[in-house]
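Working notes, structure below.
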Amino acid sequence: MLTFLSGGTGTPKLLAGMKEVERDFAVVVNTAEDVWVSGNKICPDIDSVIYALAGIIDDAKWWGVKNDTFHTHNRLKELGIDEGMMIGDADRATHVFRSELLRKGFSLKEATEMLARAMGVEQKILPMCEEEVATQVVTPEGKMHFQEFWVKRRGEPEVAGIEVEGIDRARPAEEVLETIAESRAVIIGPSNPVTSIGPILMIDGIRRALEGKKVIAVSPVIGKNPVSGPAGKFMKALGYDVSPEGVLDFYRGLIDVFVVQQGDGFESDSTEVVETNTIMKTAEDAVNLAKFILNLL
Ligand code: GDP
């Protein structure tokens with residue numbers, strides 16, 4: 001078995017390719033970007049992982065359900081409620097399903113398992129923890145939730161730092177440590193190191209669980225830029241170079257093999273750096289990257 005650590009865009013692309021060539025894997029997913037909207041809990045990264053594995057993700061945007069409609073969202077707007085983020089009708093059904101289970105006393109881990117099963121996903125998808133934790137972006141205007149920074153403000157404010165509120169008291173969700181322990185390797189997908197993988201690694205015990213495991217990471221930064229999203233801005237704010245070297249620096253001491261874009265290779269004393277095409281524009285690109293990673297094992 002393999003375990004992936006995932007955020008909500010880059011790694012889900014890879015997972016969609018991986019399931020075509022290897023089905024025996026689990027995914028530990030970031031929950032620090034979760035928010036309650038209109039009475040329901042949205043777990044953006046878990047939702048994207050489930051949708052990607054179920055083959056229903058909107059692969060133009062890499063969030064939400066393909067061909068979704070927005071009747072409820074638009075009707076709420078007419079009634080004077082701006083949800084602040086676009087929530088499709090089918091996507092909302094996921095949030096209702098989850099939130100109903102949480103209100104009935106099920107854990108997030110159990111609710112995620114039931115959701116994944118209901119959508120025909122056979123892999124184990126685990127939230128990183130049960131506790132509510134929240135990534136706050138520190139800006140000159142004050143702290144704002146990641147979703148406010150990224151969705152409402154389109155990532156425009158200057159970034160002075162990142163804080164993950166509540167992470168100190170978070171414990172790995174049920175089965176996370178066992179799943180990692182049983183895996184022959186852990187793969188850190190091409191996700192935002194600071195706000196997607198960072199919070200997972202901050203949870204007491206998870207970093208330790210990776211020690212002694214073969215850990216492979218894929219760079220989300222190509223040349224001097226991330227493929228998408230605010231990773232560059234966040235890395236710079238924390239003092240890391242925005243480059244594959246900077247990503248490796250962020251994961252210092254943790255990874256054995258680092259997969260970078262063809263032409264981005266460099267020498268490292270601690271880590272084997274290998275090159276291939278890591279840009280997943282098509283399903284075939286993702287399958288090829290998945291095969292490349294399996295060959296490293
Ligand atoms: P978020 O929760 O939406 O921020 O999702 P992730 O953290 O999983 O993904 C964001 C990261 O994925 C960004 O830093 C992107 O650079 C990276 N990414 C997105 N698509 C690709 C891709 O096709 N290849 C690679 N190598 N990285 C990608």
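Residues take their numbers from the sequence shown, with the count starting at 1. Whatever order the structure lists them in is the order used to number ligands and atoms, beginning at 1. Predicted model, so just to flag it, every value in this text is computed and none were measured.
- Using a 4.5 Å heavy-atom cutoff, the side chains of Y51 and M119 are in contact.
- An N or O contact shorter than 3.5 Å links P220 to ligand 1 by distance.
- The single protein non-hydrogen atom nearest to atom 23 (O) of ligand 1 is M280 N, 2.9 Å, given as residue, atom name and distance.
- E211 has no carboxylate O lying under 4.0 Å from a charged side-chain N of R208, or vice versa, which leaves the two without a salt bridge.
- The line from CZ of R75 to CG of D89 is 13.5 Å long, rounded to the nearest 0.5 Å.
- Distance from atom 8 (O) of ligand 1 to its nearest protein heavy atom, with residue and atom name: S191 OG, 2.5 Å.
- Salt-bridge formation is not detected for the pair E131/R169: no Lys NZ or Arg NE/NH1/NH2 atom is positioned less than 4.0 Å from an Asp or Glu carboxylate oxygen.
- When only non-hydrogen protein atoms are considered, atom 24 (N) of ligand 1 lies nearest to T278 O, 2.7 Å.
- Between the side chains of D91 and T94, not a single donor N or O lies within less than 3.5 Å of an accepting N or O.
- Atom CD of Q262 has more than 12 heavy atoms from other residues, nucleotides or ligands within 6.0 Å.
- N192 N, 3.8 Å is the protein heavy atom nearest to atom 10 (C) of ligand 1.
- Looking at heavy atoms from C-beta onward, T278 lies out of side-chain contact with S219 at the 4.5 angstrom threshold.
- Of the residues D34, D47, T112, the one that meets the side chain to side chain donor-acceptor pair (under 3.5 Å) test with R98 is D47.
- Residues L210 and L201 have side chains in contact (heavy-atom distance under 4.5 Å, counting atoms from C-beta outward).
- Heavy atoms of E33 approach ligand 1 to within less than 4.0 angstrom.
- At a 3.5 angstrom cut-off on N or O pairs, P190 counts as close to ligand 1.
- When the heavy atoms of G229, S228, G7 are ranked by distance to atom 19 (C) of ligand 1, first place goes to S228.
- For the pair V227 and ligand 1, the shortest N or O to N or O distance falls below 3.5 Å.
- A perpendicular orientation is assigned to the rings of H73 and F70, their planes being inclined by more than 60° (bins at 30° and 60°).
- When all heavy atoms are compared, the tightest approach of I206 to V176 is CD1-CG1, 4.0 Å.
- Near D45, meaning under 4.0 Å from one of its heavy atoms, ligand 1 places the atoms 2 (O).
- Ligand-side atoms of ligand 1 in range of A231: 14 (O), range being under 4.0 angstrom from any heavy atom.
- The proximity of K13 to ligand 1, defined as any non-hydrogen pair under 4.0 Å, is limited to the side chain.
- Heavy atoms of S6 found under 4.0 angstrom from ligand 1: none, in either backbone or side chain.
- Under 4.0 Å from ligand 1, not a single heavy atom of I197 appears.
- The single protein non-hydrogen atom nearest to atom 9 (O) of ligand 1 is G10 N, 3.2 Å, given as residue, atom name and distance.
- Scanning the protein heavy atoms around atom 4 (O) of ligand 1, the nearest turns out to be S196 OG, 3.8 Å.
- Counting only heavy atoms of the protein, atom 26 (N) of ligand 1 lies nearest to S219 O, 3.0 Å.
- Note: an N/O pair closer than 3.5 Å links G8 and ligand 1 by distance alone.
- In terms of polar-atom proximity, defined here as any N/O pair under 3.5 Å, I222 makes no such contact with ligand 1.
- When all heavy atoms are compared, the tightest approach of G161 to L238 is CA-CD2, 4.4 Å.
- Closest to atom 3 (O) of ligand 1, if we only count protein heavy atoms, is T9 OG1, 2.6 Å.
- With respect to I216, the side chain to side chain contact (heavy atoms under 4.5 Å, CB included) criterion is satisfied by exactly one of L2, V259, V186: V259.
- Every N/O-N/O distance between P226 and ligand 1 stays at or above 3.5 Å.
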